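Predicted, not measured: the structure shown is a model, and the values here were computed from it. Values below: every heavy atom of this structure, side chains too, minus hydrogens, waters and symmetry copies.
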Amino acid sequence: MELSPMEVLFTFLGGLGIFLYGIKSMGDGLQAAAGDRLREILNRMTTNPFLGILAGIIITILIQSSSGTTAITIGLVSAGFMTLRQAIGVIMGANVGTTVTAFVIGLDIGAYALPILALGVVLIFFFKSPKVNNFGRVFFGFGALFYGLELMGDGVGPLADLAWFSDLMLQLSDNSLLGFAVGTVLTIIVQSSSATIAILQNFYMNDLINLNAALPVLLGDNVGTTITALLAGLVGTIAAKRAAAVHVVFNLIGAVIFMLILPIFTMYVGYLETALDLNGRMTIAFAHGSYNLANTLIHLPLIGFLAWLVTKIVPGKDFSEDYKPVHLDEALMVQSSSLALQASQKEIQQLGKLTLSMLEDARDFSDKYDSKIEKQIREKENVVDGLNESIRKYLQNLSKYDISNDDAIRQTTLLEVNRILYKVSEQIVYFTDLNVKKYNKEIELSESAEKGLQDFLKHVGKSYRKAVDAIDIYNPQEIEHILNMSQKATNIEKKLRKQHVKRMNKGICSTDGGHLYVDLISTLERIGYNTRNIIELSLEEDDGTEEEQIIFED
């Protein structure tokens with residue numbers, strides 16, 4: 001039956017939509033069936049480049065998206081859970097893992113697509129077990145994937161009779177750069193290299209494109225898929241931008257190398273097709289797999305160079321590298337719980353120094369608007385999240401080993417200090433948000449209010465610095481001094497609030513400025529109070545009294 005141009009277009013687009021939904025459903029089902037342990041897999045399997053590559057392959061197979069794996073990796077780098085060098089291995093593995101989809105597509109089981117899809121529906125709707133439902137999603141996605149492929153095949157078949165399409169394919173055969181550009185642009189538009197490679201497989205399967213034209217398009221597909229990583233990195237930290245840049249550089253260098261040796265690559269793929277008697281889809285799958293595997297092997301010895309290169313491409317200070325966990329050695333837990341606690345304490349002081357630098361940045365930002373400082377505070381907040389989580393897990397894992405009562409008390413204390421430092425970082429970010437509001441709405445504070453705020457901020461910063469130093473160095477006299485300073489912070493806040501009421505009564509302050517001022521000094525008072533909490537938890541001598549610790553939220 002001959003299809004009209006409109007039917008050809010609708011059949012192709014409908015097939016593409018079902019294919020994309022099938023991939024997503026299959027990936028979601030696999031991910032849910034495996035459990036939500038993706039970050040744990042990446043954390044545990046990135047100790048060396050080989051394990052990192054393996055982790056990238058596994059995660060990509062589970063979620064059926066190399067872009068998704070790269071986005072997760074960028075998030076982990078941004079939060080300080082993973083270094084740039086570790087991320088490079090995972091990104092390489094993601095490129096290898098994504099070829100599995102092409103090989104699955106190469107299997108000639110389209111005739112069984114609808115029964116497989118129906119089996120998935122039965123498992124989803126007629127069973128109450130979440131595990132069975134997840135496998136149902138996998139089967140449903142698997143069936144939808146092949147049904148979408150069949151529809152795309154039906155849609156592209158009639159194109160062979162169109163003169164303009166044949167001319168376009170001839171141009172692609174004669175101009176490899178044009179084919180490369182087509183593959184890149186198409187993948188950027190569709191946002192899925194698996195989808196564009198599936199389209200290419202259908203074209204080649206239906207003899208709509210020859211191998212000379214198909215392989216440049218394939219290489220372009222691999223470059224186009226980096227757009228997702230770039231978008232994920234744009235809103236991230238310096239480390240996230242560098243991880244995204246690695247993905248681009250890795251694929252771009254590989255594509256350039258293979259474009260230079262394109263005649264040899266074409267001969268190699270043609271030989272595989274003949275020697276292994278491959279169908280059209282499987283031929284493209286082997287080409288895709290060979291390229292990504294070879295590209296990974298080429299770059300494996302160059303991980304250090306890639307890391308250096310992207311630091312030049314994306315200059316700036318990487319706080320996740322400066323404050324990454326260096327003391328949390330799991331071997332110490334086995335040797336001695338006391339040594340493990342001491343290591344935790346040193347790491348907590350690092351966290352304290354990081355939050356202190358945030359407070360200093362916030363002080364500078366409150367004095368004068370600077371978008372770079374604001375961005376720096378938010379980048380440091382991401383690193384605080386990662387470091388805090390690493391410390392918390394390390395201390396909690398210590399409970400698996402035999403520890404004395406004294407060490408158990410110390411463990412609880414360190415967990416609380418770790419939590420308080422995290423809350424202080426949140427309060428600093430809230431203080432920064434209030435100042436952003438002040439600048440955006442052009443809210444003016446009176447001269448006396450501004451002076452009182454800056455003096456209060458200086459006092460809180462000084463006492464907090466002393467508290468951070470006291471985490472690792474016990475000095476009874478200094479601790480007593482810090483306690484007095486933190487108590488004075490409460491008195492200062494009360495005094496400033498009274499002065500503010502007087503100014504409001506005299507009409508010196510605006511309503512908006514008044515509300516903002518109260519929020520600013522209240523936030524600083526909370527930081528001051530939490531400074532006192534840190535010191536009281538750090539006291540080594542028990543005076544026999546218990547005082548409830550209050551951790552001020554935002």
Legend entry - Check: Q411/S399 side-chain N/O donor and acceptor closer than 3.5 Å: yes
Inset, instruction - Ignoring hydrogens and angles, tell me if any N or O in the side chain of N279 forms a donor-acceptor pair with the backbone of M205 under 3.5 Å. - result: no
Legend entry - Parallel, tilted or perpendicular: ring planes of F258 versus F265, cut at 30 and 60 degrees: perpendicular
Inset, instruction - With sequence neighbours left out, write down each residue that passes salt bridge (charged side-chain N to carboxylate O under 4.0 Å, His left out) with E273, or none if nothing qualifies. - result: none
Inset, instruction - In plain terms, say whether D385 and K380 are close enough for a salt bridge, that is, a side-chain N and a carboxylate O under 4.0 Å apart. - result: no
Inset, instruction - Please list, chain by chain and in numerical order, all residues satisfying side chain to side chain contact (heavy atoms under 4.5 Å, CB included) with Y271, sequence neighbours excluded. - result: A275
Legend entry - Close side-chain approach of Q350 to L354, heavy-atom, < 4.5 Å: no
Inset, instruction - Side-chain contact test, heavy atoms from C-beta onward, threshold under 4.5 Å: evaluate it for F127 versus V122 and give yes or no. - result: yes
Legend entry - Close side-chain approach of I284 to F203, heavy-atom, < 4.5 Å: no
Inset, instruction - Rounded to the nearest 0.5 Å, what's the gap from CD1 on I197 to CD on Q201? Could you check? - result: 7.5 Å
Legend entry - Minimum side-chain heavy-atom gap L177-P216 below 4.5 Å: no
Legend entry - Side-chain heavy-atom pair L421, N388 within 4.5 angstrom cut-off: no
Inset, instruction - Please round to the nearest 0.5 Å and tell me the distance separating atom CD1 of I257 and atom CE of M259. - result: 13.0 Å
Inset, instruction - For residues L215 and Y291, determine if any side-chain heavy atom of one lies less than 4.5 Å from a side-chain heavy atom of the other. - result: no
Inset, instruction - Just jot down the side chain to side chain contact (heavy atoms under 4.5 Å, CB included) partners of S344, sequence neighbours excluded, or say none. - result: L328, Y394, L395, L414
Inset, instruction - Taking side chain to side chain contact (heavy atoms under 4.5 Å, CB included) as the test, write out the residues that go with S371, two or more places apart. - result: Y369
Inset, instruction - Spell out, as yes or no, whether a donor-acceptor pair under 3.5 Å connects the side chain of R137 to the backbone of G120. - result: no
Inset, instruction - Considering non-hydrogen atoms only, spot the tightest contact between G183 and D221 and give its length. - result: O-OD1, 3.0 Å
Inset, instruction - Would you mind checking if E426 and K423 are paired as a salt bridge, meaning a charged N to carboxylate O distance below 4.0 Å? - result: yes
Inset, instruction - State the CD-CD1 distance between Q427 and I420, to the nearest 0.5 angstrom. - result: 10.0 Å
Legend entry - Student check: side-chain heavy atoms of Q376 and E379 closer than 4.5 Å: no
Legend entry - Residues forming a ring pair (Phe, Tyr, Trp, His ring centres under 6.0 Å) with Y422, sequence neighbours excluded: none
Legend entry - Contacts of type side chain to side chain contact (heavy atoms under 4.5 Å, CB included), residue A181, not counting sequence neighbours: none
Legend entry - Residues that S290 engages under side chain to side chain donor-acceptor pair (under 3.5 Å), provided they are two or more places apart: Y268
Legend entry - Check: G220 main-chain N/O paired with T184 side-chain donor or acceptor under 3.5 Å: yes
Inset, instruction - With the side chain counted from C-beta on, respond yes when I53 and V90 share a heavy-atom pair under 4.5 Å apart, and no when they do not. - result: no
Inset, instruction - Can you sort out the partners of T99 under side chain to side chain donor-acceptor pair (under 3.5 Å), two or more places apart, ordered by chain and number? - result: none
Inset, instruction - Tell me, please, which residues at least two apart from F286 pass ring pair (Phe, Tyr, Trp, His ring centres under 6.0 Å). - result: F103
Please table the atom pairs, donor to acceptor, closer than 3.5 Å between any side-chain atom in residues 303-312 and protein atoms at least two apart or in another chain.
| residue | atom | partner | partner atom | Å |
| --- | --- | --- | --- | --- |
| T311 | OG1 | A307 | O | 3.4 |
| T311 | OG1 | W308 | O | 2.5 |

Inset, instruction - Kindly compute the distance separating CD1 (I209) from OH (Y204), expressed to the nearest 0.5 Å. - result: 10.0 Å
Legend entry - Qualifying side-chain hydrogen bond (donor to acceptor under 3.5 Å, both in side chains) pairs, either residue in residues 294-304, two or more places apart: N295-H299
Inset, instruction - Kindly write out the residues that satisfy side chain to side chain donor-acceptor pair (under 3.5 Å) with N292, not counting sequence neighbours, or none if the list is empty. - result: N222, H288
